Amino acid sequence: MKRPSWHEYFMSMAILVSKRATCLRRKVGAVLVKNNQIIASGYNGAPKHVAHCSQTGCMREMLNVPSGEKHELCRGVHAEQNTIIQAALNGTSIKDSVLYCTNFPCSICAKMIINAEIAYVYVLEDYPDKLAKEMFSEAGTEVILIDMDKNLLTKLI
């Protein structure tokens, strides 16, 4: 039996976390790692004590908002945001940590990742957010695409 690499291991965890997502459009999971230890995880969905979109319907679908636009028109908190929030609630520093996320972060999450001083972001799937890519590049935050089937890492930013 082949032992998974650290990247495979942590991305597999992010995939598992995504299964808890309550978003109707996209299931996203994220895991924050420091010194090869998981320090926080998160998935996308409505805030605590707020009805999930499965109960209320998807506002973005109702308004025909295209993917990647007008993120504020959503009841959900993104997986990356929930991961950062979870670390904060637990009093855990995430400076110089590594984020594994099933999808490339949007521009809102990119700003949070940059200001939280997360060192690297590994993603399973790309996402067409030009502003996020520009900000990551300008800030010097490396974003790496993981191909789990080929065990291949490709630097995006």
Side-chain angles (χ1 to χ4, degrees), residues 1-48 50-55 58 60-61 65-69 71 74-90 92-114 116-133 135-136 141-157:
M1 186 169 113
K2 180 185 169 276
R3 186 176 187 204
S5 70
W6 285 114
H7 295 305
E8 291 171 315
Y9 175 72
F10 293 126
M11 188 56 78
S12 294
M13 294 293 212
I15 293 167
L16 179 61
V17 170
S18 75
K19 295 178 188 298
R20 291 274 310 153
T22 60
C23 177
L24 300 174
R25 291 178 83 170
R26 185 185 314 264
K27 307 275 187 216
V28 181
V31 175
L32 266 171
V33 175
K34 199 168 190 177
N35 300 320
N36 285 338
Q37 297 292 313
I38 296 172
I39 57 175
S41 65
Y43 51 87
N44 57 329
K48 291 178 183 178
V50 173
H52 294 293
C53 297
S54 59
Q55 297 166 296
C58 176
R60 294 173 61 80
E61 287 289 331
V65 177
S67 184
E69 295 180 17
H71 298 288
C74 178
R75 297 173 60 81
V77 180
H78 290 185
E80 304 93 321
Q81 295 167 347
N82 273 325
T83 305
I84 291 168
I85 292 164
Q86 185 184 78
L89 285 170
N90 292 321
T92 304
S93 172
I94 60 174
K95 182 179 180 183
D96 299 323
S97 63
V98 177
L99 179 70
Y100 288 84
C101 192
T102 57
N103 294 80
F104 190 97
C106 73
S107 56
I108 295 169
C109 291
K111 291 183 265 188
M112 294 178 71
I113 290 164
I114 292 165
E117 298 184 28
I118 294 170
Y120 299 94
V121 179
Y122 288 88
V123 298
L124 194 57
E125 294 180 19
D126 201 357
Y127 184 72
D129 192 320
K130 184 179 175 185
L131 180 58
K133 290 177 179 172
M135 287 190 297
F136 278 137
T141 304
E142 287 190 48
V143 182
I144 298 106
L145 181 69
I146 295 180
D147 183 330
M148 298 278 279
D149 295 326
K150 297 177 184 172
N151 198 19
L152 182 67
L153 303 176
T154 306
K155 185 174 176 181
L156 294 176
I157 310 290

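All values reported here derive from a predicted model rather than from experimental measurement. Both backbone and side-chain heavy atoms feed into the values below; hydrogens, waters and symmetry mates do not.
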Working to the nearest 0.5 Å, report the span between CD of Glu117 and OG of Ser97. 10.0 Å
Hey, what do you get for CE (Met11) to CG (Leu16), rounding to the nearest 0.5 Å? 13.0 Å
Does Arg60 reach the main-chain N or O of Pro66 with its side chain, forming a donor-acceptor pair under 3.5 Å? yes
Output for pair (Lys48 NZ, Ile85 CD1), nearest 0.5 Å, gives 9.0 Å
CA sep, side-chain torsions, deciding dist, call: Gln81, Ile108, side-chain contact (heavy atoms from CB on, under 4.5 Å): CA-CA 9 Å; Gln81 295 167 347; Ile108 295 169; 3.3 Å; yes
Test side-chain contact (heavy atoms from CB on, under 4.5 Å) on Asn36 and Tyr9 and set out the steps. CA-CA 10 Å; Asn36 285 338; Tyr9 175 72; over 6 Å; no
Pairwise distance CG(Asp126) to CG(Leu145) - rounded to 0.5 angstrom: 6.5 Å
Counting only N and O atoms by type, is there a donor-acceptor contact under 3.5 Å from the side chain of Lys111 to the main-chain atoms of Ser107? no
Check this for me: Tyr127, atom OH, are more than 12 non-hydrogen atoms of other residues, nucleotides or ligands nearer than 6.0 Å? yes
For the residue pair Leu99 and Glu80, establish whether any side-chain heavy-atom pair is separated by less than 4.5 Å. yes
Heavy atoms, side chains only, cut-off 4.5 Å: are Glu61 and Leu24 in contact? no
Return the minimal non-hydrogen interatomic distance between Ala21 and Lys27, and the atom names on each side. O-NZ, 3.2 Å
Sub-4.5 Å side-chain heavy-atom contact between Ile94 and Lys34: no
His78/Met112 under side-chain contact (heavy atoms from CB on, under 4.5 Å): CA gap, chis, key distance, verdict: CA-CA 11 Å; His78 290 185; Met112 294 178 71; over 6 Å; no
Parallel, tilted or perpendicular: which describes the rings of Tyr122 and Tyr120, with under 30° parallel and over 60° perpendicular? tilted
Mind checking whether Arg26 and Ser67 have side chains closer than 4.5 Å, heavy atoms only? yes
Would one find more than 12 heavy atoms of other residues, nucleotides or ligands at under 6.0 Å from atom CG of Asp147? yes
Steps toward side-chain contact (heavy atoms from CB on, under 4.5 Å) verdict (Leu156, Val121): CA-CA 10 Å; Leu156 294 176; Val121 179; over 6 Å; no
Under 3.5 Å, side chain of Asn82 to main-chain N/O of Tyr43, donor-acceptor pair present? yes
Any side-chain heavy-atom pair of Ile38 and Phe10 under 4.5 Å: yes
Rounded to the nearest 0.5 Å, what's the gap from SG on Cys74 to CG on Asn44? Could you check? 8.0 Å
Between the side chains of Glu8 and Lys2, is the shortest nitrogen-to-carboxylate-oxygen separation below 4.0 Å, so that they form an ion pair? yes
Do Val28 and Cys101 touch side chain to side chain, with heavy atoms closer than 4.5 Å? yes
Roughly how far apart are Ile157 CD1 and Glu142 CD, rounded to 0.5 Å? 10.0 Å
Can you tell me if Thr83 uses its side chain to pair, donor with acceptor, with the backbone of Gly42 under 3.5 Å? yes
Compare all side-chain heavy atoms of Ile146 with those of Leu153 and state whether any distance is below 4.5 angstrom. yes
Is any side-chain heavy atom of Met148 closer than 4.5 Å to a side-chain heavy atom of Leu124? yes
Do Arg20 side-chain atoms and Gly45 backbone N/O form a donor-acceptor pair below 3.5 Å? no
Least distance between heavy atoms, Ser41 atom then Gln86 atom: N-OE1, 2.7 Å
